[in-house]
Amino acid sequence: MKEDGIRADCTGVGASLSCCADAGRWEEALNVYSRFKDSERLKLDSHCYLAVLKVLKASGKADAAYAVVADQANASVPLQQETYELLLECAVEAGAVSYTHLTLPTKRIVEISDGAESLRKNVKEDMGDR
């Protein structure tokens with residue numbers, strides 16, 4: 001972007017992440033994320049973080065998903081319902097080694113063993129009707 005004189009914004013970064021993800025160019029997507037995740041001038045939105053979770057799952061790096069969601073929470077970016085569902089899928093795919101609990105933004109802890117329906121119910125309670 002910089003080489004082409006294009007100023008990075010959240011929409012452009014999100015589009016780059018999504019395009020790389022859709023094309024199977026996972027390392028490039030993760031490089032874009034790494035470049036912008038700690039930027040003081042640009043705040044990633046929930047769509048950007050969701051695209052990164054999709055990349056991690058598709059590229060076989062599902063075990064890194066919780067760290068991305070933690071980055072999102074630390075940046076005070078709201079989580080979408082799809083984020084919770086994808087995080088649960090990543091936990092299952094990663095063998096749930098480091099995923100014995102999921103902490104929702106309200107600090108409620110959900111046991112993964114409760115299953116996806118329990119998680120969806122708690123997410124809806126946390127997010128309200130959207």
Side-chain angles (χ1 to χ4, degrees):
M1 288 181 170
K2 193 175 197 176
E3 300 82 30
D4 296 325
I6 300 171
R7 185 171 171 242
D9 64 8
C10 188
T11 303
V13 172
S16 296
L17 289 167
S18 293
C19 288
C20 288
D22 291 344
R25 298 174 79 160
W26 300 309
E27 288 305 315
E28 288 180 54
L30 295 175
N31 287 338
V32 169
Y33 172 67
S34 294
R35 182 174 171 194
F36 290 103
K37 73 175 186 156
D38 295 322
S39 173
E40 292 182 16
R41 296 184 319 144
L42 175 72
K43 183 175 179 179
L44 300 179
D45 67 9
S46 59
H47 299 288
C48 294
Y49 287 103
L50 186 60
V52 174
L53 290 180
K54 289 178 180 179
V55 166
L56 291 173
K57 184 174 184 280
S59 66
K61 298 179 180 179
D63 56 332
Y66 199 82
V68 171
V69 173
D71 289 345
Q72 182 175 351
N74 289 336
S76 299
V77 176
L79 279 68
Q80 300 177 26
Q81 181 172 344
E82 189 177 357
T83 303
Y84 292 104
E85 292 171 355
L86 192 54
L87 184 58
L88 182 61
E89 290 172 21
C90 287
V92 170
E93 193 167 303
V97 175
S98 58
Y99 299 92
T100 55
H101 299 86
L102 293 178
T103 304
L104 303 179
T106 58
K107 305 297 182 210
R108 182 181 333 173
I109 295 177
V110 177
E111 297 279 346
I112 286 182
S113 60
D114 289 347
E117 274 311 306
S118 175
L119 179 63
R120 284 189 189 97
K121 177 179 175 267
N122 289 319
V123 169
K124 286 180 182 175
E125 289 173 9
D126 285 347
M127 297 181 72
D129 294 324
R130 292 186 184 185

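Both backbone and side-chain heavy atoms feed into the values below; hydrogens, waters and symmetry mates do not. Just so it is clear, the structure is predicted and the values come from calculations on it, not from any experiment.
Of all the heavy atoms in V68 and L56, the pair that sits closest is CG2-CD1, 3.6 Å. Of all heavy-atom pairs between P78 and Q72, the closest is O-NE2, 2.8 Å. Residues A75 and Y49 share a closest heavy-atom pair of CB-OH, 3.8 Å. Closest heavy-atom contact between L17 and A29: CD2-O, 3.2 Å. Scanning all heavy atoms of the two residues, the minimum distance from V13 to L42 falls at CG2-CD2, 3.5 Å. Residues C10 and K43 share a closest heavy-atom pair of SG-O, 3.6 Å.
In this structure, R41 CZ and F36 CZ are separated by 8.5 Å, a value rounded to the nearest 0.5 Å. For the atom pair OG1 of T83 and NE2 of H47, the computed distance is 9.0 Å after rounding to the nearest 0.5 Å. Rounded to the nearest 0.5 angstrom, E82 CD and L50 CG are separated by 4.5 Å. With rounding to the nearest 0.5 Å, the separation of OH in Y66 from CG in D71 is 11.5 Å. Rounding to the nearest 0.5 Å places OG of S46 at 11.0 Å from CG of L53. Note that the CZ atom of R25 and the SG atom of C19 stand 10.5 Å from one another [nearest 0.5 Å].
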Inset, instruction - Carefully, step by step, assess L44 and V77 under the rule side chain to side chain contact (heavy atoms under 4.5 Å, CB included). - result: CA-CA 8 Å; L44 300 179; V77 176; 5.9 Å; no
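Electrostatic pairing of K61 and E27 counts as a salt bridge here, judged by a charged N lying under 4.0 Å from a carboxylate O.
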